[in-house]
2 protein chains.
Amino acid sequence: MAIKKRPRQPKSENRRLDIRDVAKHAKVSIATVSRTINRVPTVDKELADRVWLAISELNYFPNTQARALVSGRTRLLGLLISEITNPFFPELIRGFEDIAVENGYEILIGSTNYHPERMSLAVRRMIERNVEGVAVMTFGVEQPLLEELASRHVPMVFVDSGPPGDLVRPLLVDYRKGIQQGVQHLAVLGHRKLGYISGPSQQRSSQLRTAAFLESLEQIGVTPNPEWIFEGDHTLEGGMRCMEQLLALPELPTAIMCSNDMTAIGGLRVLTRAGLRVPEDISLIGFDDIHLAEFVNPPLTTVRMSRNDLARSAFGALRAIAEQEQGGHPREWKVTTSLVVRQSTGYPRDSALAPAAGTPSTKKKKSSKKV
Amino acid sequence: MAIKKRPRQPKSENRRLDIRDVAKHAKVSIATVSRTINRVPTVDKELADRVWLAISELNYFPNTQARALVSGRTRLLGLLISEITNPFFPELIRGFEDIAVENGYEILIGSTNYHPERMSLAVRRMIERNVEGVAVMTFGVEQPLLEELASRHVPMVFVDSGPPGDLVRPLLVDYRKGIQQGVQHLAVLGHRKLGYISGPSQQRSSQLRTAAFLESLEQIGVTPNPEWIFEGDHTLEGGMRCMEQLLALPELPTAIMCSNDMTAIGGLRVLTRAGLRVPEDISLIGFDDIHLAEFVNPPLTTVRMSRNDLARSAFGALRAIAEQEQGGHPREWKVTTSLVVRQSTGYPRDSALAPAAGTPSTKKKKSSKKV
DNA sequence: TTGAAAGCGCTAACAT
DNA sequence: ATGTTAGCGCTTTCAA
């Protein structure tokens, strides 16, 4: 597009400046220009100065394509996401763009829009453009696509976990801390009877969450009641099913933590249908902070992971893989969590703390309700 | 990164497949492979078949860098935005990604984050990567940067308008239609006394809006009352100032349209402080549908432009410039608008239509009411 | 219609 | 420390 390229001959008038122009202008060889630009330390100070001067006088920018072609390094990273209009992603992209650009990388965004075709197109685009690594920030990417990348030795990072491999790293979300934040929030409100709906027990990340829950209970000096612990499957339906079983119990907990938001939202639905009020009768807390969490009624208190951490960890991990991380065992890339207090948590029903019923007022945009 | 490149000799084991591998496999010359891939029509059908077969058997992807280097076409487009976490942009990006990818382009996103430095970094990145065009989707990009692009013959499109030039196109937002939608919405509710707060009269886009307002009034058979028409400046403060003046008038309009949302939000603030209720006492309607519009109290009814239109127009315009748009005068790229009915508009105070006062119930998010 | 070969702008080996 | 030069993988001329 840029400019109509005439055949080859007439050295078109507005051709881009190239390294030879700079060399000529600075009266050095093109090799010296290249070395200067790449900060090879052996270049004579004076020559280097001449080169830099020429560069700025001519306003020369090196041609990335040519550099990439010869060096094999594109300084391009792929970011595979599900849908950019899902508010989780813009924040993530922002962090990723920031750190990538700081380090001289560009990012190629591939949205799958939940379509298998778009997904494979995205992977294809990344391979064609020779990305130096891919951050897979969405679930459900088909195995063959990942193999395609792996077979071409493209480093990958996954949120949470992915197929293991030499060039593959999981990002470690700090579930322990996240769950702890949730449990302590409930403890502070005065809850001692806590229930839990887990994710599928085969999934590593949900095992971690369950373990963290139990551990957090211990920290607040509460003995878990096995009756109140259910195994869900991280779906809305799973959450509903578990909540129904729970409601059949003779004694109910005053608060329930769920292994993810979808589970909590399913649970919420059942609670509401059963005529129980959240949080007046029972408090509910999720995990993930998906978009929907803010829009259910009442808005869900939940634990979210830092998009910025995620972005920086993904970048760092990709870079470390690529540069072979000479020193010792692979580093772990942690992602921190934070509690997002909305309106699905409040004092327990019979608590002395409760002004009457409902959520206590808190500062800022945290849950707040005049009773 | 991708893979540790050993010096040059040992033809590293896991080098990428290249066109020669395909040529060998298909028993043709690399020229034929190239022609086949580029769908040059003169290739013999049978040879072409062999080539395609080889390509798919080897799972070959052409190297974009090499192609770009020799052809001078990167198939890369720059998208200059202010901030990706502003919800205006993800939608825009989505549309842009869709159409770009459909056409074999990639997009390079540059966020300015309202920092002059980031802005020039973004422009620099685009030039370095040799983008074939830039869609400038944010205001306030500094002139020198645009000149930098122009001097390198990079085609540009601007939302609404930008510095004119041979390789520059404005996108034309259909203000007339947008304003009309707003005015008719008010007319349907029963408003006949309409006020207007314009933008700065030097700015072309606000002239267009004002003209459209007057025209729309005529269409609904209302004679404009010059007393109720104020010139704002598209800022919050301007909106407040105008609204204060308006409130000093002996007779007030029942509804006010503003040239943009910030103006309306400023106006809303003054109205609220003056103890007037919106929309019970006075209806208010903005233009743009900025993020904030949804979160003010009451949420602002406004006119928004289609992000998808914007994206597609930007892409189309860029492409047309680049391909020199052989046929006649440059095409116009229109962007449509739509009315977003929220809660700042309702029946006029003394309307027989009003059930009591306040907003009529609406179905969906569109205006529509049973009278 | 096909193939051989000349570059695209740059980096890095090699020579000096 | 600097210059010369051979490619990187491809497209496109040119000759056959």
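Predicted, not measured: the structure shown is a model, and the values here were computed from it. Reminder, nothing fancy here: chain letters follow the sequence lines and each chain counts from 1.
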Phosphate contact (D/dG9 OP1 or OP2) by B/Tyr60 side-chain N/O below 4.0 Å: no
side-chain N/O A/Ser29 vs D/dT2 OP1/OP2, d < 4.0 Å: no
Phosphate-side-chain proximity, A/Arg35 and C/dA12, N/O vs OP1/OP2 below 4.0 Å: no
Any A/Asn63 side-chain N or O less than 4.0 Å from OP1/OP2 of C/dC8: no
Minimum-distance nucleotide to B/Val70 side chain [options: C/dT2, D/dG3, C/dC8]: C/dC8
Distance below 4.0 Å between B/Thr32 side-chain N/O and C/dT2 OP1 or OP2: no
Integer-rounded Å distance: C/dA4 P and B/Lys24 NZ: 13 Å
Ion pair A/Glu97/B/Arg125, N-O distance below 4.0 Å: yes
For atom CD of A/Gln65 and atom C1' of C/dT11, their distance in whole Å: 15 Å
Closest to side chain of B/Pro62, choosing from D/dC10, D/dG3, D/dT2: D/dC10
Nucleotide nearest B/Ala66 (side chain, heavy atoms from C-beta), chosen from C/dC10, D/dG9, D/dT4: D/dG9
Minimum-distance nucleotide (side-chain atoms of A/Asp44 versus D/dT2, D/dC10, C/dG9): D/dT2
Electrostatic pair A/Lys24-A/Asp18, nearest N-O below 4.0 angstrom: no
From CE (B/Met126) to CG (B/Leu108), nearest 0.5 Å: 5.5 Å
Salt-bridge criterion met for B/Arg94 and A/Glu83 (N-O under 4.0 Å): yes
Whole-Å distance separating the CD1 atom of B/Ile55 from the C1' atom of D/dC10: 13 Å
First of A/Ile30 and A/Lys45 reached from the 5' end of DNA chain D, by closest nucleotide: A/Lys45
Atom pair distance, as rounded to whole Å: CG in B/Asp21 and P in D/dG9: 9 Å
Approximate separation, where rounding is to 0.5 Å, of A/Arg152 CZ and A/Asn130 CG: 9.5 Å
Length of the CZ-C1' vector between A/Arg50 and D/dT2, whole Å: 12 Å
Distance in angstrom units between A/Asp49 CG and D/dT2 P, rounded: 12 Å
Residue A/Ala31, side-chain atoms from C-beta onward, closest of D/dG3, C/dT2, D/dG9: D/dG3
Sugar-phosphate only, base, or nothing, as touched by B/Ser34 at under 4.0 Å among non-hydrogen atoms: base
Distance, rounded to the nearest Å, where A/Arg20 contributes CZ and D/dT4 contributes C1': 14 Å
B/Asp18 CG - D/dG7 C1' separation (whole Å): 12 Å
